[in-house]
Novice: 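Sharing a structure below in structure tokens format, with a few things to ask.
Excluded from the calculations below are hydrogen atoms, water molecules and symmetry mates; all remaining heavy atoms, backbone and side chain alike, are included. Order of the sequence lines sets the chain letters (A, B, ...), proteins ahead of strands, with each chain counted from 1.
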Amino acid sequence: MSTATAPPPRVGPRRPGHRAGAHRLPSGLLGIAVLVLLWEAAPRIGVVPERYFPPVSEVLTTLAERATTAPFWEALGHTLYGWALGLSLAFVAAVVLGFVLGSTPRLRAFTTSTVDFLRPIPSVALIPLAVLLYGTDIRSTLLLVTYACFWLIYIQVLYGVADVDPVAEQTARSYGLGRLARVRHVVWPTTLPYLMTGLRLAASVGLILSITAQLIIGSPGIGQQITTAQQGGAIALVYAWIVATGILGVVINLGVRALERRVLRWHTSVRGEADA
Amino acid sequence: MSRPTAHEPALEPSTPAAPTEQEAPVARPSRRRGRADRTAGPALRVAHVLLLPTLLIGVYWAFTAQPGAGFYTPTPAAIATAFVDLWFSERFFVDVLPSLGRLLTGFALAALLGVGLGVLLGSNARVRATCEPVLEFLRAIPPPVLVPLMIMLAGIDDTMKIAVIVFGCLWPVLLNTVEGVRAVDPVLADTARCYGITGTTRLRVLVLRSASPQIMAGLRLALALAIILMVISEMFASSSGLGFAIVQFQRTFAIPEMWAGMVLLGVIGFALSSLFELVEGRVLGWYRGLRAAHRGE
Amino acid sequence: MLEVTGLQKIYNGGATAVEAVRDLTFSLAEGELVCLVGPSGCGKTTLLKCIAGLMAPTDGTVELAGRPVLSPPPGMAVVFQEYGRSLFAWMSVRDNVELPLKEKKLPKERRTALVSESLEAVGLTDFADAYPWQLSGGMQQRVAIARAIAYEPQVLLMDEPFAAVDAQTRADLEDLVRQIWQRLGVTVLFVTHDIDEAVYLGERVLVLSNSPTVVQDDITVDLPAERDQLTTRQDERFTHLRARVYAQIQQAKRGSAPPAA
Amino acid sequence: MLEVTGLQKIYNGGATAVEAVRDLTFSLAEGELVCLVGPSGCGKTTLLKCIAGLMAPTDGTVELAGRPVLSPPPGMAVVFQEYGRSLFAWMSVRDNVELPLKEKKLPKERRTALVSESLEAVGLTDFADAYPWQLSGGMQQRVAIARAIAYEPQVLLMDEPFAAVDAQTRADLEDLVRQIWQRLGVTVLFVTHDIDEAVYLGERVLVLSNSPTVVQDDITVDLPAERDQLTTRQDERFTHLRARVYAQIQQAKRGSAPPAA
Amino acid sequence: SSSDDALDGDELVTITAGVIPIVDVAPVYLGVDQGFFSSRGIDLQLESGSGGAAIVPGVISGEFDFAFSNVVSLIIAREQGLPLVTLTNGVTSAGEQGADFGGVFVLDDSDVTGAADLEGLTVAANNLNNIGDTTVRQSVRAAGGDPAEVDFVELPFPDMPAALETGQIDAVWAVEPFASTIREAGHREIASNFVDTHPDLSVAAYFTAENRLAEDPELFDDITAALEESLAYAEDHPDEVRRVLGDYTEIDEEVIERMVLPRFPARIDEESVRTLADLMVTDGLLDTEPDLDTLIR
Ligand SMILES: Nc1ncnc2c1ncn2[C@@H]1O[C@H](COP(=O)(O)OP(=O)(O)OP(=O)(O)O)[C@@H](O)[C@H]1O
Ligand SMILES: Nc1ncnc2c1ncn2[C@@H]1O[C@H](COP(=O)(O)OP(=O)(O)OP(=O)(O)O)[C@@H](O)[C@H]1O
Ligand SMILES: [Mg+2]
Ligand SMILES: [Mg+2]
């Protein structure tokens, strides 16, 4: 059989500078620069009182000072530890349950009311219970982080699972792909974009809760540092911690985006920006 | 088009079954793979809603009935009593209704802002690259620590509380819209371009519609988040409201009342979700139909 | 081998119920190659999906090797009309073809051999590492075909599988299908709109009527087993059969069943 | 009217760059109906997208009525090869056809008339209220066609628009295209894999080579303007042209440019 | 001194206390510094939380062996059935009008001259239905105003200066170090609400759970003794207090130098607590006269 189409010539390696990604860093910095400018200007021209909202230069100086001390990095470490562990737990639980319930309409029908009931319960309100159960150790923080992150990922997975292209699904079924194989090869890739969004949402919500838990429970970490700074009226320091948190958020997002570009390079949202 | 036409008898021997004269193309119920919610009768639907909660309450009850069950875990009966006493009184109008008002306003604003900004960022890689770090920066900041700033800018009344809600539940809508818009089918986008469908029409008939499954996912998340943020916003500069009441109960160790408040949050969540389900059913009717169509329903 | 009895399918999804297929009864012997033609929208795809066990018929039964088909039977391959959507966008062409083989638990070497053989057969050897969306429409369709033949099925259902390829490639693929059919003894049901193709390929041609859909004609193609693009198509019998199928389709479109020729 | 000069297109998306089109130069006079044939994957769709202004060529230019095409020019309609994906799943068939007319700011009555006319022309009057996904593949393709003709474009680009419809419908649609072309004086570029169709429809047939893609042959179809499915196809000149195109395509597939006949 | 009680070779008992990183708990930090705990065989770990929501459950669950809280919260908890008992006093009002460690502040250019003028205005307190608003109401009452006419809203202390200065709030009840911040910004103090309630008002106390106390009375005797020693030391060495504040808080050094310190008597002034309890009944925080004898040891 020779129906061979001669391959179109490959014109060497891909030409660089053609991807949106190439611009990402510089223009991202531009956005940050605008934010910094606004922040510097607002207190200086008196939109908000300078004493209670210090200009960014002062905040950054404070941050720079703190960043040279060990307690700073310890607090950061504590927060990240609770965050990473809680997020991972939530991720695994939500993905497993999301796939099982999402692809079993009957189960899903029976659980929807409970899920909808539980989702709006604020993690913060669970703090007394968490402390009662686990005291002030890491498990309390984990409980809160996991509880909040779980729903975000879970709902995203449910919508993702529902997004499977029926033709792809039928193709898989007709070729005798079993349930598990279909989940792995069809449902999972379809869900990935939703899951990535869920992960990005949960990553920052997890960070927020990791901090809030420390803020209220008082286990060591950024939250505790913020409480101490607030109680001492050290406003520049409070904002320094906020900036540190924000930077964490940006870094985490960079990570997730990089991951996304790898695992979703086939997806319209990523490939559309890559090709001509 | 499915009406029978006049048939001559088929002469070909290998077509043995002549068309039956059965009229009325009414479907008989599918004999296999009945799908759970589509074929559900009212009784079954009630079972769907109530079965698991009933079970869970039962388990919880058994747990609290043990001797020595804690102060912080009152029996369902105690919670139910507190629930009735609290919310079937004028407190409902003083605390709950205004909170609900802020909740819905905040949610609506977040939805508008999230979708609007999301479309902007989603359709332009350049703008997105510029704004993303800033947004990610803001997104990582816990809303409670921003309250002082918000108080300075927006005061202590409803504006500030709504701002907190918006700031918190904007993100799921925004992120999902961005991703939904990025994933618009290129063939469809090309079609629209060719036929000169641009501007708001393009937005309305192409971008928003094709991103709608993902936008809906974001809105659904935002709805629950809005309730949570309503509580958080009332932890500051408040003197009434459902969130305030819950925090107050917690601080004054009125634990059954606190749980009654949480139950009310859950009930509100469930009610809003059910409403949302209805809206979603309309908005995503085509989408569900499309998926069902291929399964042959 | 394959028995379709009194098959009816009504779609209930929309505002009104649509009866896509009224009452279809026919059978395929084991190892038969049958072509299915019929007007656009008459229910060919619907029928195929019912046979594949992907869709429950409203009434009637499908039996494969004596057993009722309730879910996709093993050893069956399908080439979907929506070839583009039936390819997994997240997998390279090679992985798309190889996936079903993995599920079949074939050893690695066998899989590699089958994949490269089938990609070679459809002329896509050089594109094994590309993603489906980097291919042209016709190339995508050929990937779907490669996947089906690499699977070495006992039953092969193909829904307008050559609609997007050029004339020359089409001829080659036709020969490929016949060759595989002869080599593996696979039972093939082949939907096409090209009448020449139906006659050239099939041992029998089933003509479906316009809706309400019934089997309008069942034509045995009494051409020699060894067929050849040039000589067979010039055969007088071929022309005759071709004309008969054409007449039937025209009748079908007009909606009334004509007397069989 | 339409001038394509030195067009080159390289896809940079994947791991390696792919040169889909090497160097294409040709032109269409105003009101000409030209068919484009070529092996699968040779770059027809790519070319069409460049002409439509949907894709920037890597090199070379496209000019329409003297102006360079940088974005989709007004008054142009396209029927995409991926017809299924080019329909708005959330709109009824009627709305799909009507939408571009609304953008053209036609008055309500005119729109209604155009929509029902064009749906009638493709035989889908009864399905105006259905959603695209409630239709069969061939019906979806006809919706895309109806949308294009209802638009009354000055330039009509069609990418294998009849690939999914049955023989009879195809013949009807061919006549429809010629009729519209004659009535409206529209410039048509028509991609097809069916050689008979190319010769029957076109005033000229452009044959593209295998990649690296260039124009392999440009054949003027000197058949009478009034064509008829039966008589034209039996015309000796038709058979001759058909044979010539076929030979060119076979050459194209083999990859070497033959001397033009 | 009981410093010899620690038996040679014995391991120190690790004890965990829940505190808030504020001025009030300086004595405990000093006590640790000075070895008042270790000399009794106690290794005291201090964990700082932001308030009662986490601290009281921590004590109930045994996570904290003892903790610090204001008296009103303790009374309410006890009334709700939480078995808490006090160990020692925590802080006591400085007792001097206009120079207490907390007070009610208004903007300098405000029309308010005394507590009675707060009628119809909005006053911020860190917690509602707690010690702040109860004592401020007493100030209003004492000045001849109607406390029912005052609107209270909740606002954390750290957010008060900004809210006051930007005019979002008419008056705030603030404690050190925020009281100093506000004073230094040039705002006016119109009432010393603790003093108005009782010149020797016991504002906060160290407490534990009844069952913990019953389990190990000797240990708690040691703890109590250490606490008493710490409090006495703090009372006698205000400079030391100011010094230790620099260690565990982030208060600005200049503020530390100038701010008003509370008094740290070791014993709870029961009369002042009773006055407070009466006010709580008057204001409706409690329905009935609380049983203070079970609470105060
Ligand atoms: N999901 C659906 N809901 C309602 N009607 C449907 C649905 N799918 C198909 N139909 C209808 O069923 C009929 C048969 O469709 P089918 O796809 O089987 O046709 P087909 O013979 O494959 O046509 P084609 O040759 O154009 O692919 C059509 O009239 C179509 O409108
Ligand atoms: N997005 C893409 N990325 C990389 N290569 C592409 C892309 N799209 C098309 N190609 C390549 O460009 C070449 C031409 O594709 P095109 O779709 O234009 O072919 P075609 O002539 O329309 O073929 P067909 O008749 O099969 O539709 C093919 O070799 C294909 O692999
Ligand atoms: Mg079909
Ligand atoms: Mg193409």
Side-chain angles (χ1 to χ4, degrees), chain C residues 11 13-16 18 20 37-46 80-82 84-85 92 122-124 127 129-131 133-142 159-160 162-172 191-198 208 245-246 249-254, chain D residues 11 13-16 18 20 37-46 80-82 84-85 92 122-124 126-127 129-131 133-142 159-160 162-172 191-198 245-246 249-254:
Chain C
Y11 285 102
T16 50
V18 177
V37 297
S40 170
C42 75
K44 301 178 295 298
T45 301
T46 307
F80 287 86
Q81 186 174 14
E82 291 147 306
R85 285 171 62 192
S92 68
V122 299
L124 288 177
F127 291 88
D129 292 314
Y131 283 103
W133 38 270
Q134 291 174 325
L135 305 182
S136 77
M139 290 155 88
Q140 289 175 18
Q141 196 164 34
R142 284 183 276 153
D159 200 351
E160 306 183 24
F162 308 150
V165 297
D166 59 282
Q168 178 60 46
T169 310
R170 188 170 194 138
D172 294 345
V191 175
T192 179
H193 281 315
D194 187 326
I195 296 164
D196 290 49
E197 182 168 273
L208 296 191
V245 174
Y246 192 69
I249 289 189
Q250 275 186 305
Q251 291 279 14
K253 268 223 64 163
R254 255 175 269 122
Chain D
Y11 285 101
T16 50
V18 177
V37 297
S40 170
C42 74
K44 302 178 292 299
T45 301
T46 307
F80 288 89
Q81 187 175 14
E82 292 146 306
R85 285 167 61 193
S92 67
V122 300
L124 288 176
D126 291 327
F127 291 89
D129 292 315
Y131 284 103
W133 36 269
Q134 291 175 322
L135 305 182
S136 76
M139 290 155 90
Q140 288 175 17
Q141 196 164 36
R142 283 182 277 154
D159 199 350
E160 306 183 24
F162 306 150
V165 298
D166 60 281
Q168 178 60 46
T169 311
R170 187 168 194 139
D172 295 346
V191 175
T192 180
H193 281 314
D194 188 327
I195 296 164
D196 290 49
E197 183 168 274
V245 175
Y246 191 70
I249 288 191
Q250 275 185 305
Q251 289 279 12
K253 271 222 58 164
R254 255 174 269 124

Novice: Distance from D/K44 atom NZ to C/D166 atom CG, nearest 0.5 Å?
Specialist: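 Those atoms lie 6.5 Å apart.
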Novice: Counting only non-hydrogen atoms closer than 4.5 Å, does C/S40 touch chain D with its backbone (N, CA, C, O), its side chain (CB onward), both, or neither?
Specialist: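 The answer is both parts of C/S40.
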Novice: Which bit of D/D172 comes within less than 4.5 Å of chain C, counting heavy atoms only: side chain, backbone, both or neither?
Specialist: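 When you check distances to chain C, only side chain atoms of D/D172 fall under 4.5 Å.
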Novice: How far does CZ of D/R170 sit from CG of C/D194, to the nearest 0.5 angstrom?
Specialist: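 Taking CZ in D/R170 and CG in C/D194, the distance rounds to 8.0 Å.
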Novice: Considering only heavy atoms and a distance below 4.5 Å, find which of C/P39, C/G43, C/G38 pairs most often with chain D.
Specialist: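 Max contact count across the listed options: C/P39.
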Novice: With respect to chain D, which residue among C/L135, C/D159, C/V165 yields the maximal number of heavy-atom pairs within a distance under 4.5 Å?
Specialist: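 Most heavy-atom pairs under 4.5 Å with chain D: C/V165.
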Novice: Using side chain to side chain contact (heavy atoms under 4.5 Å, CB included) as the criterion, list what pairs up with C/A164, not counting sequence neighbours.
Specialist: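 C/Y83, C/Q141, D/Q81, D/E160.
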Novice: If I measure from the heavy atoms of chain D, does C/Y246 come under 4.5 Å with its side chain, its backbone, both, or neither?
Specialist: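 Contact with chain D: side chain only.
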Novice: Can you measure from CD (D/E82) to CZ (C/R85) and round to the nearest 0.5 angstrom?
Specialist: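 If I round to the nearest 0.5 Å, the distance is 12.0 Å.
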Novice: Starting at CD1 of C/I249, measure out to OG1 of D/T169 and round the result to the nearest 0.5 Å.
Specialist: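 Answer for the CD1-OG1 pair, C/I249 versus D/T169, is 9.0 Å.
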